[in-house]
Amino acid sequence: MTEPRVTSRDFASFGPATLDLTQPVEQLTADLLDIFSVSGEEARLADAVQIALEGIGGLEITRDGDSLIARTHLGRSQRIVLAGHLDTVPLPRAEGSLGTVPSVWRNDEGEQVLYGRGAVDMKGGVAVQLALAAHLANPAYDITYVFYDNEEVASELSGLARLMRNHEQLLTDADFAVLLEPTDGVIEGGCNGTIRFWIHTEGLAAHSGRAWKGENAIHKIADVLGRLAVYQPQTYEVEGLAYREGLNAVQISGGVAGNVIPDTAGVHINYRFAPNKTLRQALDHLQEIFEGYELDFVDQSPAARPGLDAPMAASLIASVGGEPQPKYGWTDVARFSEIGIPAVNFGPGDALLAHTDNEHVKAHEVQACYRALATWLAA
């Protein structure tokens with residue numbers, strides 16, 4: 001049985017009306033978690049972020065729906081984008097779940113750990129953005145802070161894409177971008193692309209007691225599943241990082257009753273492809289694999305190359321330390337790459353905890369991310 005989803009009405013009284021940017025960044029994360037902001041319902045959080053930014057002073061603030069751009073104008077020779085999304089995936093109404101709203105602090109083996117929906121994906125990163133905006137008095141770069149809605153849903157709803165369409169001139173003058181998605185405190189370069197599509201098969205309905213009178217559409221899917229089963233996904237090295245690809249069935253449908261031969265069926269397939277391919281090349285690859293079938297595409301998002309050869313990336317890596325890693329999932333670094341801005345992922349928290357019922361981030365992880373970026377930006 002599917003658990004009923006929580007809505008903003010269930011938590012109408014939770015969350016501060018305003019955000020106190022003077023408090024420690026980990027407590028700011030908790031306050032952000034306490035403001036319900038499931039995709040499509042980010043208005044209350046966007047209001048709080050806007051009020052907080054307006055209280056800083058010296059920022060040019062542009063709001064578009066529930067997305068915001070805040071820009072410094074310090075006359076620096078270079079500009080950096082720090083970007084993060086405000087929305088979270090829905091909250092489950094699971095008994096005893098800690099990954100909900102409001103947030104919960106726990107002492108786990110001597111460490112302060114913050115539980116709540118969005119702790120890693122990605123209100124910890126948003127808290128770092130806000131703390132930097134409040135406390136970086138004299139950065140070495142001009143900074144464009146971007147906060148946007150609807151990242152966790154269909155790409156056509158993306159607040160970042162909308163900002164790029166409606167306010168391109170406020171973004172394209174940047175030299176480099178950092179997306180504060182959770183990376184466990186290391187730099188993750190680029191991202192795999194993603195394509196989702198359906199393959200549908202057709203048959204002829206009949207009573208299952210007289211199956212020879214029909215044509216089973218589900219059985220026809222066997223060939224598609226067979227091609228998936230023998231497919232060997234590759235790993236490609238791109239600018240020193242190894243990107244693993246994947247091609248998988250993620251959903252299957254068909255049948256109307258236990259005594260009816262199905263006349264339609266479908267399989268939903270997801271292809272994650274490395275940034276050595278353009279979107280066109282990835283699409284051509286799929287057409288070759290599934291020759292003879294019509295592919296019904298529902299999502300096409302290009303990959304992004306690592307961007308680690310950009311001079312600012314080198315200085316960020318030096319500040320953060322550690323070995324850069326590839327980003328296997330798709331992130332909005334691809335959108336920045338498309339408009340000619342090199343971008344990397346760097347944020348607090350373990351991405352494997354995103355969307356889980358016990359989503360959590362350690363206080364020291366948020367603090368470390370803030371310190372690393374503050375040191376880099378002040379260099």
Qualifying residues under ring pair (Phe, Tyr, Trp, His ring centres under 6.0 Å), relative to His200, sequence neighbours excluded
Trp198
Should Asp64 and Arg162 count as side-chain neighbours, where that means a heavy-atom distance under 4.5 Å?
yes
Could you go through Asn107 and Val113, starting from their C-alpha distance and side-chain angles, then the distance that decides it, and tell me whether this counts as side chain to side chain contact (heavy atoms under 4.5 Å, CB included)?
CA-CA 6 Å; Asn107 188 308; Val113 183; over 6 Å; no
Contacts satisfying side chain to side chain donor-acceptor pair (under 3.5 Å) that involve residues 338-351 (not counting sequence neighbours) are Thr331-Asn345
Please enumerate all residues that pass side-chain hydrogen bond (donor to acceptor under 3.5 Å, both in side chains) together with Asp175, with sequence neighbours excluded.
none
So, do Asp87 and Val38 sit near enough that their side-chain heavy atoms are less than 4.5 Å apart?
no
Using only heavy-atom distances, determine whether the side chains of Asn276 and Gln281 contain a donor-acceptor pair under 3.5 Å.
no
Around atom CD of Glu291, are there more than 12 heavy atoms from other residues, nucleotides or ligands closer than 6.0 Å?
no
If you define the side chain from C-beta out and look only at heavy atoms, does anything of Ile143 sit under 4.5 Å from Leu377?
yes
Within the 4.5 Å heavy-atom criterion, are Arg244 and Pro326 side-chain neighbours or not?
no
Begin with the C-alpha distance, continue with both residues' side-chain angles, and end with the deciding distance and a verdict on side chain to side chain contact (heavy atoms under 4.5 Å, CB included) for His135 and Tyr370.
CA-CA 11 Å; His135 300 302; Tyr370 171 77; 3.4 Å; yes
Mind checking whether Leu180 and Gln129 have side chains closer than 4.5 Å, heavy atoms only?
yes
Are any of the side-chain nitrogens in Asp332 or Arg335 under 4.0 Å away from the carboxylate oxygens of its partner?
yes
If you draw a 6.0 Å radius around CZ in Arg76, do more than 12 non-hydrogen atoms from other residues or ligands fall strictly inside?
yes
If the condition is side-chain hydrogen bond (donor to acceptor under 3.5 Å, both in side chains), which residues does Asp108 pass it with, not counting sequence neighbours?
Tyr115
Kindly determine whether Thr183 and Lys327 satisfy side chain to side chain donor-acceptor pair (under 3.5 Å), including the steps that lead there.
CA-CA 8 Å; Thr183 64; Lys327 172 64 81 174; over 6 Å; no
Does Leu179 belong to the same Ile/Leu/Val/Met/Phe/Trp/Tyr cluster as Tyr141, with side-chain heavy atoms less than 4.5 Å apart forming each link?
no
Going through the checks in order, is the salt bridge (charged side-chain N to carboxylate O under 4.0 Å, His left out) test met by Lys362 and Glu111?
CA-CA 7 Å; Lys362 296 174 181 177; Glu111 288 193 277; 3.4 Å; yes
The reported gap from OH in Tyr236 to CG in Asn192 (rounded to nearest 0.5 angstrom) is 11.5 Å
Trace of the side chain to side chain donor-acceptor pair (under 3.5 Å) decision for Thr144 with Arg79:
CA-CA 7 Å; Thr144 301; Arg79 178 175 290 275; 3.0 Å; yes
I'd like to know if Trp105 and Leu28 are part of one continuous hydrophobic network [Ile/Leu/Val/Met/Phe/Trp/Tyr, side-chain heavy atoms within less than 4.5 Å].
yes
Please name the pair of heavy atoms, one in Val126 and one in His85, separated by the smallest distance, quoted to 0.1 Å.
CG2-O, 3.5 Å
Side-chain donor-acceptor pairs under 3.5 Å in residues 48-55, sequence neighbours left out?
residue: Gln50; atom: OE1; partner: Arg63; partner atom: NH1; Å: 2.8
residue: Gln50; atom: NE2; partner: Glu54; partner atom: OE2; Å: 3.1

Apply side chain to side chain donor-acceptor pair (under 3.5 Å) to residues Thr194 and Asp299 and explain how you reach the verdict.
CA-CA 8 Å; Thr194 180; Asp299 184 45; 4.7 Å; no
Suppose we screen for side-chain hydrogen bond (donor to acceptor under 3.5 Å, both in side chains). Which residues come up paired with Gln287, at least two apart in sequence or across chains?
none
dist Met122:CE -> Glu181:CD (nearest 0.5 Å) comes out at 5.0 Å
Could you walk me through whether Leu163 and Leu170 pass the side chain to side chain contact (heavy atoms under 4.5 Å, CB included) check?
CA-CA 9 Å; Leu163 289 174; Leu170 300 181; over 6 Å; no
With rounding to the nearest 0.5 Å, note down the distance linking CG in Asp149 to OG in Ser67.
3.5 Å
Test of understanding: with salt bridge (charged side-chain N to carboxylate O under 4.0 Å, His left out), list the residues that count as partners of Asp223, not counting sequence neighbours.
Arg227
In the hydrophobic clustering that connects Ile, Leu, Val, Met, Phe, Trp and Tyr at side-chain heavy-atom distances below 4.5 Å, which members other than Val256 occupy its cluster, ordered by chain and number?
Val260
Distance in Å, Arg165 CZ paired with Leu160 CG, rounded so as to fall on 0.5 Å steps:
10.0 Å
Is Gln169 atom CD crowded by more than 12 heavy atoms from other residues, nucleotides or ligands, each under 6.0 Å away?
yes
Within-4.5 Å side-chain heavy-atom neighbours: Glu215 and Glu202
no
Could you tell me whether the side chain of Val344 reaches within less than 4.5 Å of the side chain of Val333, counting heavy atoms only?
no
Val146-Ile80 co-clustered via ILVMFWY side chain contacts under 4.5 Å
no
How does the hydrophobic cluster around Phe197 look, that is, which other residues are in it when side-chain heavy atoms under 4.5 Å mark a link?
Ile195, Ile199, Ile221, Val224, Leu225, Leu228, Tyr231, Leu247, Ile252, Val267, Ile269, Tyr271, Phe273, Leu279, Leu283, Leu286, Ile289, Phe290, Tyr293, Leu295, Phe297
Qualifying side chain to side chain donor-acceptor pair (under 3.5 Å) pairs, either residue in residues 304-322, two or more places apart:
Glu239-Arg305, Ser315-Trp376
For Asp142 and Gln78: C-alpha separation, side-chain torsions, deciding distance, then whether side chain to side chain contact (heavy atoms under 4.5 Å, CB included) applies.
CA-CA 6 Å; Asp142 268 307; Gln78 294 177 301; over 6 Å; no
Pair Arg272 + Glu245, salt bridge at N-O below 4.0 Å
no
When rounded to the nearest 0.5 Å, the distance separating CG of Asp121 from CD of Glu152 is 4.5 Å
Would you please test Asn150 and Ser158 for side chain to side chain donor-acceptor pair (under 3.5 Å) and show each step?
CA-CA 5 Å; Asn150 281 308; Ser158 166; over 6 Å; no
Nearest heavy atoms of Phe336 and Ala343, plus distance in Å:
CB-CB, 3.9 Å
For Arg371, which residues count as a side-chain hydrogen bond (donor to acceptor under 3.5 Å, both in side chains) partner, sequence neighbours excluded?
none
With heavy-atom distances below 4.5 Å as the criterion, would you say the side chains of Val186 and Val320 are in contact?
no
Cluster overlap Val25 with Val178, hydrophobic side-chain contacts below 4.5 Å
yes
Report the hydrophobic cluster partners of Leu352, with the cluster defined as I, L, V, M, F, W, Y residues connected by side-chain heavy atoms closer than 4.5 angstrom, directly or transitively.
none
Atom pair CD1/CD1 of Ile317 and Ile187 - distance to nearest 0.5 Å
6.0 Å
Can you get from Ile69 to Leu136 by hopping between Ile, Leu, Val, Met, Phe, Trp and Tyr side chains that sit under 4.5 Å apart?
no
